[in-house]
Amino acid sequence: MPLRHTMVTDTLGRPLRDLRISLTDRCNMRCRYCMPREHFDNHEFLSRNEILSYEELAMVVESLVPLGLEKIRLTGGEPLLRRDVCSFIEMLPKDLDLAMTTNGILLEKFAERLAASGLKRVTVSLDALDIETFQAMGDTSEKPETVLRGIEAARMAGLKVKVNTVIRAGYNEHSVQKIAERFLGTDVVVRYIEFMDVGETNSWNTGEVITGEMMRSMLDDLMPLKENHVGEVANRYQRGGQEIGFIESVSKPFCGDCNRARISADGSLYTCLFANRGNDLKSLLRMDATKEQIACAVRDIWGKRDDAYSQNRGEIVDRKIEMSFIGG
Ligand code: SAM
Ligand code: SF4
Ligand code: SF4
């Protein structure tokens, strides 16, 4: 029987358009701003039976389509660490906009298969081009060249590519210019991200935030792009024909049109990146709920949503969930 649901909106009139799926809480890097080693090397990661299967995840996706879902982003942790990820992409409805965020270490190996399974876009995180800064920020022995080869392989496979660069004071301010220069003249969109206060372990403080405004002052000849799409997280500019975006969630919060839900690898639905509590969907799935029942549960959760953390930053003091768990 076809699902009879109609589009859902939250208490602030925001639709549910975008679902970010954390495929795993594990990662092959230890970025200091996300999974600092002292907290994560001895961390108890989720076990196989705690995480949602691909069948369960596909069931969630199909249940949300009638509510207005248009876009899926696979993330983590590192999504390319999840076994047989391409078989999951093949299970997803192809009329959805299918994207992935990855650190790019395994991208060269997977690019062609990702494109063949229906992925359209990939966002690759790359904080520096010089090996010292790359390894210091990622707390890794991996090399930036590996990520650059991954980006090239993704482009060759026909995937649209964006590069995400987190700028943290005292670590990689020089990356603003270097990364823009590296991708000038290519179709790769570069986006700079303000260092955010996600989770509890990255010892965030405002002194380490380089704002979008400060980053823009490091780049000459930037021209604002007129059309910003609704729900688009980046403020978009262009420079020499290249698109450059700034994700300014600290200095210019964009909760007003936030249409993103997140599902953690263990099957909790979060209505905000900064939520301290998820909504258990796994129990429902494992009680053999129908798509109708899952859609009703999510409609109920989303209908009560009033999250606007970035706009109220400073007022909320509850414990926050780690970004590697909830999915960036
Ligand atoms: N491992 C994948 C990756 O790094 O692309 C996907 C997951 S990661 C949590 C998603 C994005 O979150 C990355 O672009 C990363 O740079 C960003 N991120 C993580 N911690 C952050 C923080 N404290 N502030 C800003 N961005 C952060
Ligand atoms: Fe891993 Fe991505 Fe977090 Fe870095 S930002 S530790 S690559 S999940
Ligand atoms: Fe959306 Fe929450 Fe981020 Fe605001 S703080 S933009 S509501 S995820």
Side-chain angles (χ1 to χ4, degrees), residues 10-12 14 16-18 20-37 39-41 43 45 73-82 99-107 122-128 134 137-140 142 147 150 162-168 171-172 175 191-205 208-210 231-234 247-250 252-262 264-265 270-276 302 305-313 316 320-328:
D10 68 8
T11 60
L12 303 174
R14 299 171 295 188
L16 198 183
R17 292 264 186 260
D18 182 344
R20 302 193 169 196
I21 300 176
S22 175
L23 290 180
T24 173
D25 57 340
R26 293 164 200 258
C27 190
N28 47 359
M29 285 179 70
R30 285 288 179 271
C31 303
R32 302 281 318 146
Y33 54 73
C34 180
M35 296 180 80
R37 234 171 242 291
H39 291 278
F40 281 91
D41 271 1
H43 180 76
F45 290 100
R73 179 169 295 278
L74 306 179
T75 178
E78 175 47 43
L80 291 177
L81 288 183
R82 177 88 183 247
M100 173 182 280
T101 303
T102 169
N103 61 27
I105 299 297
L106 296 170
L107 188 55
V122 68
T123 297
V124 185
S125 302
L126 176 62
D127 296 334
F134 179 90
M137 285 194 79
D139 203 348
T140 177
E142 297 289 353
V147 180
K162 288 182 183 160
V163 162
N164 267 4
T165 304
V166 175
I167 301 294
R168 186 174 183 181
Y171 282 79
N172 69 334
S175 287
R191 305 191 310 176
Y192 300 102
I193 308 181
E194 292 178 353
F195 175 37
M196 285 188 286
D197 51 334
V198 279
E200 296 284 328
T201 59
N202 68 8
S203 56
W204 182 88
N205 69 76
E208 288 188 82
V209 179
I210 302 287
E232 166 79 46
V233 292
I247 303 180
E248 302 170 81
S249 55
V250 179
K252 286 197 186 142
F254 42 77
C255 302
D257 51 14
C258 175
N259 52 26
R260 291 176 293 283
R262 293 178 159 82
S264 58
Y270 291 85
T271 55
C272 177
L273 180 54
F274 297 91
N276 49 46
W302 195 264
R305 176 187 192 238
D306 61 0
D307 303 291
Y309 175 86
S310 289
Q311 281 171 355
N312 304 324
R313 187 174 264 113
I316 304 165
K320 290 175 278 163
I321 309 292
E322 298 301 322
M323 191 139 165
S324 53
F325 181 81
I326 193 174

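Ligands are counted one by one from 1 in listed order, and the atoms in each one are counted from 1 as well.
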Identify, for atom 8 (S) of ligand 1, the protein heavy atom at the shortest distance, and state residue, atom and that distance. Gly76 O, 4.4 Å
May I ask you to check whether Arg14 and Asn259 show a side-chain donor-acceptor distance below 3.5 Å? no
Ligand-residue contact atoms, ligand 1 with Asn164, heavy atoms, under 4.0 Å: 14 (O)
Within-cut-off N or O pair, Ser324 and ligand 1, under 3.5 Å: no
Does a side chain donor of either Arg73 or Thr101 reach within less than 3.5 Å of an acceptor in the other side chain? yes
For Met35, counting its heavy atoms only, list the atoms of ligand 2 lying under 4.0 Å from any of them. 6 (S)
Where ligand 1 meets Glu78 - atom numbers and elements under 4.0 angstrom, heavy-atom basis: 1 (N), 2 (C)
Suppose we measure from atom 27 (C) of ligand 1 to each protein heavy atom; which comes out shortest, and what is that distance? Met323 CE, 3.8 Å
Do Leu106 and Leu81 have side chains that approach each other closer than 4.5 Å (heavy atoms only, starting at C-beta)? yes
Between Ser249 and Glu194, is a side chain to side chain donor-acceptor pair (under 3.5 Å) present by the stated rule, with each step listed? CA-CA 7 Å; Ser249 55; Glu194 292 178 353; 5.2 Å; no
Keeping Thr24 on the side-chain end and Gly77 on the backbone end, is there a donor-acceptor pair under 3.5 Å? no
Which residue and non-hydrogen atom of the protein lie closest to atom 26 (N) of ligand 1, and at what distance in Å? Val166 CG2, 3.5 Å
Below 4.0 Å from any atom of ligand 1, is there a heavy atom belonging to Gly77? yes
Stepwise, does the side chain to side chain donor-acceptor pair (under 3.5 Å) test hold for Asp197 with Tyr309? CA-CA 11 Å; Asp197 51 334; Tyr309 175 86; 2.8 Å; yes
Would you call Met29 a ligand 1 contact, heavy-atom distance under 4.0 Å? no
Please assess Tyr33 against Asp127 for the test side chain to side chain donor-acceptor pair (under 3.5 Å), listing each intermediate value before the final yes or no. CA-CA 11 Å; Tyr33 54 73; Asp127 296 334; 2.6 Å; yes
Candidate with minimal heavy-atom separation from atom 3 (Fe) of ligand 2, of Pro79, Cys34, Gly77, Cys31: Cys34
Indicate, as side chain, backbone, both or neither, the part of Cys27 found under 4.0 angstrom from ligand 2 when only non-hydrogen atoms are considered. side chain
At a 4.0 Å threshold, what atoms of ligand 1 neighbour a non-hydrogen atom of Ile193? 25 (C), 26 (N)
Any side-chain heavy-atom pair from Phe195 and Ile167 closer than 4.5 angstrom? no
Non-hydrogen side-chain atoms of Phe274 and Met196 separated by less than 4.5 Å: yes
Side-chain donor/acceptor of Glu78 to backbone N/O of Leu80, under 3.5 Å: yes
Does a side-chain N-to-carboxylate-O contact under 4.0 Å join Asp18 and Arg260? no
OG-CD1 distance between Ser175 and Ile210, expressed to the nearest 0.5 angstrom: 11.5 Å
Tell me the protein heavy atom at minimum distance from atom 21 (C) of ligand 1, and give that distance in Å. Tyr33 CD1, 3.5 Å
Side-chain (Ser310) to main-chain (Val250) donor-acceptor, under 3.5 angstrom: no
With a cut-off of 2.8 Å, how many protein N, O or S atoms neighbour atom 1 (Fe) of ligand 3? 1
Backbone N or O of Arg305 within a donor-acceptor pair of the Thr11 side chain at under 3.5 Å? yes
Do Met196 and ligand 1 have an N or O pair less than 3.5 Å apart? yes
For ligand 1 and Thr75, I'd like to know whether there is a polar contact (N/O to N/O, distance under 3.5 Å). no
Output yes when the distance from some N or O of ligand 1 to some N or O of Thr102 is under 3.5 Å, and no in every other case. yes
Mark up the atoms of ligand 1 that fall under 4.0 Å of a heavy atom belonging to Phe195, in ascending order. 23 (N), 24 (N)
Quick test: of every protein heavy atom, which one is nearest to atom 13 (C) of ligand 1, and how far off is it to 0.1 Å? Ser125 OG, 3.2 Å
Going through the checks in order, is the side chain to side chain donor-acceptor pair (under 3.5 Å) test met by Ser125 and Asn164? CA-CA 5 Å; Ser125 302; Asn164 267 4; 4.9 Å; no
